[in-house]
Every structure is written in structure tokens, then in C-alpha cells.
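Scroll down for the structure; my scribbles are underneath it.
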Amino acid sequence: MVPHEDPVAADDLPPLESVRARIARTARIAGRKPAAIELIAISKTQPAEAIAPLIEAGHRSFGENRVQEAQAKWPALKAATPGLRLHHVGQLQSNKAEDAVRLFDVIHGVDRPSLVTALATAMDRTGHRPDCFIQVNIGEEAQKGGCAIGDLPTLLDTARAAGLPVIGLMAVPPADTEAAPYFALLAKLARDHGLAGLSMGMSGDFETAVMLGATHVRVGTALFGARAG
Ligand SMILES: *Cc1c(COP(=O)(O)O)cnc(C)c1O
């Protein structure tokens with residue numbers, strides 16, 4: 001028996017192994033290599049003690065949504081852990097751009113020209129050039145981060161012209177609705193613009209996202225349990 005091939009056994013595994021097994025199983029069904037999907041453990045609000053067991057289990061990819069919180073938690077962990085990759089997900093204020101490019105290896109929330117300018121300046125000043133995803137407001141929701149679908153071509157041109165290493169598109173589909181059509185639309189937009197990276201899928205829908213081509217899934221509660229507050 002190979003436990004990772006067995007859907008029932010996967011659910012009895014510790015969370016990290018279970019999520020990895022579910023990604024691997026879905027990738028195989030979709031005819032994809034499991035290694036083509038990066039599992040980002042979203043550790044926002046989680047203390048270092050909750051993160052340590054994942055690092056000990058060999059996990060190296062983590063995500064945070066607040067620069068200040070990440071600055072308090074990660075420099076020590078990064079120094080002690082070779083190969084660690086830190087992702088910034090969600091809204092990024094332009095005045096945090098320089099702190100962000102110093103600490104993070106990947107930035108997923110590039111969604112407006114002013115942030116492109118701030119990141120380009122910060123990259124030139126620091127010499128750190130994290131990979132970037134353009135975030136798209138894929139459900140055209142008011143209040144939601146991400147550029148409008150119609151603004152994507154121009155924002156992408158702006159980001160490329162400014163020298164940002166843009167590797168893909170990122171989105172958070174509308175809550176409480178079937179995510180698959182939004183993932184499919186994001187995948188089409190990425191294809192249309194020659195981008196290989198697709199940052200999509202969270203705890204409730206990462207298997208759907210993998211089925212539809214996600215290269216990066218951002219998983220918090222399925223790994224750490226519910227966040228306080
Ligand atoms: C918090 C967060 C996640 C993780 O969400 P879970 O539902 O806990 O898996 C993913 N992406 C972004 C942008 C987030 O802010």
C-alpha cells in the first residue's frame with residue numbers, strides 16, 4: 001500500500017502530510033507533476049512555535065500578509081533555515097515596499113501602478129529583486145484587492161517596463177461561490193499574457209486550483225487550524 005495514493009489514509013495524516021498528499025493526488029489526476037506546485041504555508045498570526053514543526057518536517061515555503069509581523073517573526077527563522085522562501089500575500093502598502101523587498105522572496109499582491117513604481121525603486125535601491133505576481137480582482141468585487149481585469153494589460157506593461165520580475169498572476173475568487181470558473185479565467189489570462197505562474201487556491205479550494213493549473217497554492221487554516229480573532 002502506498003498511503004499517499006489512498007484518499008482515506010490521507011485524511012488520517014498530520015496536516016502538512018495530508019495537504020501534500022491531496023496536492024500530489026490531484027496533480028496526478030490532472031496529469032501534472034506534484035513538484036510543479038509550490039505549497040505556501042500561510043503563517044499569518046501564527047507564532048514561531050507553530051511554524052517550527054513545519055520547518056522541522058522539511059517545509060520551506062511560507063507566506064505572510066503583514067510586513068511588520070513578518071519582520072518580527074522571520075529574520076531569525078530565515079537565518080537558521082537554509083533554503084527558506086518567504087512570500088508576501090495580499091495588500092501591500094507602497095510605503096512598505098522597501099521593507100518588503102528586503103525580507104520577501106516573492107510578492108503576490110502587485111495590483112496598481114503606484115505600487116509598481118514603489119517596488120521598482122525599492123529593488124533598485126536594495127538590489128533585492130523578488131519575483132512578482134500581478135494580483136487580479138477576478139470577481140470584479142468592490143473592496144477587493146487586485147487590478148480590474150480590463151486594467152491587466154496596461155499594468156503588466158508598466159510592471160515589465162519598470163523591470164519587475166513578473167512571473168504570474170494571483171487572485172482570490174469571491175467567497176461563498178464556486179471558485180473553479182474564476183480559477184479557469186485567471187489561467188486563461190495568464191496564458192494570454194505568456195505568464196507561467198498561477199497563485200490560486202486556499203484551504204477550501206486548493207485541489208480545484210491544482211486541477212486548473214495552479215503553480216502556487218496558499219494554504220493557512222488547513223495546515224495550522226483556525227486563526228484566532
Ligand atoms: C490568509 C490568506 C490565505 C490562506 O487562507 P486559508 O483559508 O487560511 O487557507 C491565502 N491567501 C491570502 C491572500 C490570504 O490572505
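Order of listing sets the numbers, starting from 1, for every ligand and every atom in it. These numbers were taken from a predicted model, which means no experiment stands behind them. Hydrogens, waters and symmetry mates are skipped; everything else that's a heavy atom, side chains included, is used.
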message: Does atom CZ (Arg129) have a neighbourhood of more than 12 heavy atoms from anything else shown, all under 6.0 Å?
response: yes

message: Looking only at the side chains, is there a donor atom on one of Glu64 and His87 sitting less than 3.5 Å from an acceptor on the other?
response: no

- prompt: Is the His108 ring parallel, tilted or perpendicular to the Phe133 ring (thresholds 30°, 60°)?
  reply: parallel

- prompt: Counting heavy atoms only, which part of Met170 comes closer than 4.0 Å to ligand 1: side chain, backbone, both or neither?
  reply: side chain

- line: Under 4.0 Å from one or more heavy atoms of Arg218, ligand 1 contributes atoms 4 (C), 9 (O), 10 (C), 11 (N), 12 (C), 13 (C)

query: So, the side chain of Asp205 versus the backbone of Met202: is there a donor-acceptor pair under 3.5 Å, distance only?
result: yes

message: Heavy atoms only, cut-off 4.0 Å: how does His108 contact ligand 1, side chain, backbone, both, or neither?
response: neither

statement: closest protein heavy atom to atom 6 (P) of ligand 1 is Ser203 OG, 3.5 Å

- prompt: Looking at residues at least two apart in the chain, or sitting in another chain, which of them share a side chain to side chain donor-acceptor pair (under 3.5 Å) with Arg60?
  reply: none

- request: Measure the distance from atom 15 (O) of ligand 1 to every protein heavy atom, then report the residue, atom name and distance (to 0.1 Å) of the closest one.
  value: Lys44 NZ, 2.6 Å

task: Report the C-alpha distance between Phe104 and Trp74 in whole Å, list the side-chain angles of each, state the deciding distance to 0.1 Å, and finish with yes or no for ring-ring contact (aromatic ring centres under 6.0 Å, His included).
output: CA-CA 10 Å; Phe104 291 94; Trp74 283 99; 9.0 Å; no

message: Using a plain distance cutoff, I'd like to know if Asn65 has any nitrogen or oxygen under 3.5 Å from a nitrogen or oxygen of ligand 1.
response: no

Polar atom proximity, Val219 to ligand 1 (N or O, under 3.5 Å): no

message: To check your reading of the model: name the closest protein heavy atom to atom 10 (C) of ligand 1, its residue, and the distance in Å.
response: Met202 SD, 3.3 Å

